[in-house]
Amino acid sequence: MIHAPKLALAALLATLPASALCAQQTPATPQEISQPAPPYADYADLVVAAPVVIDAVVRSEIRLKPVNAPDLRAGDARLYIEADVLALIRAPGAVAARIGYTIDVPLDARGRPPRYRKARVLLFARGVPGNAGQVQLVRPDGQRSWTPGADALTRRIVAETLAADAPPTITGIGNTFHTPGNIPGEGETRVFLTTEDDRPISIGIVRRTGQPPRWSVALGEVVGEGAPPPPRDTLLWYRLACTLPAALPDTVLSSTGPDADIAREDYALVVQTLGPCDRGGRP
């Protein structure tokens, strides 16, 4: 191949269909296999934000001069990286067999950036219009070290996100009310949620005499009994646990008095059951 300047190389590469981007992959090392599974919510944030997800190996890196990185934070370096695509996990179309992108990284005590050459990485990115050989990371940490666990989790979340029955993106709480039953202590609380595409979703908490409160999720106009609480580390769990506020806002309550207090208790049960939205320390 004729070697062009680094910043122009990716633009000269011929694009390949996604089915062709499946190079022979290097077997995972024992150290990679032994690493713990990454936090679901952290990777779900990346997958949801990234229309392009790539498994790649870094081929080269160049540290850009300050004049080419005017908005760079103090103590960081901006690298231009070229990587060979091993697998296209998600993309709306074709990408080049070799891609280029920039990444800001912290300098070590000696003022040197980390070295990524030959490192296998997962890239969470968006395409650059008119240039199939360039991508842009969706977040500063949109390049992640490849491990078997990270790869499997990424592919699972991508599949969940693209499924026909994928739950909608939740944007908040619409309104909430508690309806008392015919027997004291019985009743139902209904929490209607707002979504990005206006698809209906609601949470129902039912109280029955001699039984602990039970809650379910209805993904549709018909509420009924709904589906049971979603298992942790699934897309529906992520949509709920990482979006719902810790306490029920007074502004969404249609009930008053004791019924409002019960609605707050029922909502608190839902939040407690879902558990924390664990992003591995990232806010």
Side-chain angles (χ1 to χ4, degrees), residues 37 39-49 153 156-280 282-283:
Y40 182 98
D42 185 18
Y43 275 69
D45 286 344
L46 287 165
V47 169
V48 167
L153 179 60
R156 177 161 71 88
I157 298 173
V158 167
E160 289 179 296
T161 303
L162 298 179
D165 59 349
T169 298
I170 296 168
T171 57
I173 300 176
N175 68 296
T176 304
F177 60 86
H178 176 76
T179 304
N182 295 325
I183 300 174
E186 293 193 349
E188 179 180 1
T189 296
R190 180 64 56 177
V191 182
F192 290 94
L193 306 178
T194 57
T195 60
E196 191 173 73
D197 58 0
D198 295 326
R199 279 191 285 163
I201 177 173
S202 64
I203 300 172
I205 305 95
V206 176
R207 291 172 175 255
R208 294 286 184 264
T209 302
Q211 301 177 15
R214 295 182 296 104
W215 69 276
S216 60
V217 184
L219 297 170
E221 296 285 356
V222 180
V223 293
E225 286 296 324
R232 186 178 176 84
D233 293 350
T234 59
L235 188 60
L236 181 54
W237 169 85
Y238 164 77
R239 299 289 198 206
L240 295 168
C242 299
T243 305
L244 296 179
L248 192 64
D250 292 339
T251 54
V252 303
L253 271 168
S254 299
S255 302
T256 59
D259 289 343
D261 293 337
I262 294 174
R264 292 188 187 94
E265 292 177 11
D266 289 346
Y267 179 83
L269 170 67
V270 172
V271 172
Q272 180 183 17
T273 305
L274 289 170
C277 175
D278 179 17
R279 289 185 166 98
R282 191 186 66 81

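In what follows, residues are counted from 1 in the order of the sequence shown.
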Margin query: Quick check for you: to the nearest 0.5 Å, what is the distance between Thr234 atom OG1 and Arg156 atom CZ?
Written below: 8.0 Å
Check: Should we say atom CD of Glu196 is surrounded by more than 12 heavy atoms from elsewhere, each under 6.0 Å from it?
Finding: no
Check: So, does His178 use its side chain to make a donor-acceptor pair with the main chain of Glu188 at under 3.5 Å?
Finding: yes
Check: Do you know the tightest heavy-atom contact between Pro231 and Trp237?
Finding: O-CB, 3.2 Å
Check: Is it true that a side-chain atom of Thr189 and a backbone atom of Ile205 form a donor plus acceptor pair closer than 3.5 Å?
Finding: no
Check: Please, which pairs that meet salt bridge (Lys or Arg N to Asp or Glu O under 4.0 Å) have at least one residue in residues 250-262, sequence neighbours excluded?
Finding: Asp250-Arg264, Asp261-Arg264
Item checked: pair Arg207-Asp266: side-chain heavy atoms closer than 4.5 Å -> yes
Check: Does the pair Val48 and Tyr238 meet the rule for a side chain to side chain contact (heavy atoms under 4.5 Å, CB included), with working shown?
Finding: CA-CA 11 Å; Val48 167; Tyr238 164 77; 4.1 Å; yes
Margin query: A side-chain contact here means heavy atoms from C-beta on lying under 4.5 Å apart; do Leu240 and Ile203 qualify?
Written below: yes
Checklist line | Where at least one partner belongs to residues 158-173, residue pairs that pass side-chain hydrogen bond (donor to acceptor under 3.5 Å, both in side chains), sequence neighbours excluded | finding: Tyr40-Glu160, Thr169-Arg239, Thr171-Thr194
Item checked: For Thr195 against Pro168, the heavy-atom pair lying closest together -> CG2-CG, 3.7 Å
Checklist line | Residue list, side-chain contact (heavy atoms from CB on, under 4.5 Å) with Pro249, at least two apart or on another chain | finding: Ile173, Pro245, Thr251, Val252
Next item on the list: Quick one: pull up CG in Leu153 and OH in Tyr43 and give me the separation to the nearest 0.5 Å.
Entry: 7.5 Å
Next item on the list: Applying salt bridge (Lys or Arg N to Asp or Glu O under 4.0 Å), name anything that partners Arg199, two or more places apart in sequence or on another chain.
Entry: Asp197
Notebook entry, point to check: Taking all non-hydrogen atoms of both residues, which atom of Cys277 and which atom of Ala241 are closest, and how far apart?
Noted result: CB-O, 3.6 Å
Notebook entry, point to check: Are the side chains of Ile201 and Leu236 in touch, meaning some heavy atoms are under 4.5 Å apart?
Noted result: yes
Next item on the list: Check whether any side-chain heavy atom of Leu46 lies under 4.5 Å from a side-chain heavy atom of Ile157, and answer yes or no.
Entry: no
Note to self: Nearest 0.5 angstrom please: Leu248 CG to Thr176 OG1, how far?
What the structure shows: 4.5 Å
Check: Mind checking what makes side-chain contact (heavy atoms from CB on, under 4.5 Å) contact with Ser254, not counting sequence neighbours?
Finding: Asn175, Phe177
What pairs of donor and acceptor atoms, side-chain ones from residues 180-187 against any protein atom, are under 3.5 angstrom apart with sequence neighbours left out?
from   : atom 1 : to     : atom 2 : distance (Å)
Glu186 : OE2    : Thr209 : N      : 3.1
Glu186 : OE2    : Thr209 : OG1    : 3.0

Checklist line | Residue pair Val191 / Val270, side-chain heavy-atom distance below 4.5 Å | finding: no
Checklist line | Rounded distance (nearest 0.5 Å) linking atom CG of Leu269 with atom CH2 of Trp215 | finding: 8.0 Å
Next item on the list: Using a 4.5 Å cut-off on heavy atoms from C-beta on, say whether the side chain of Cys242 contacts that of Ile170.
Entry: no
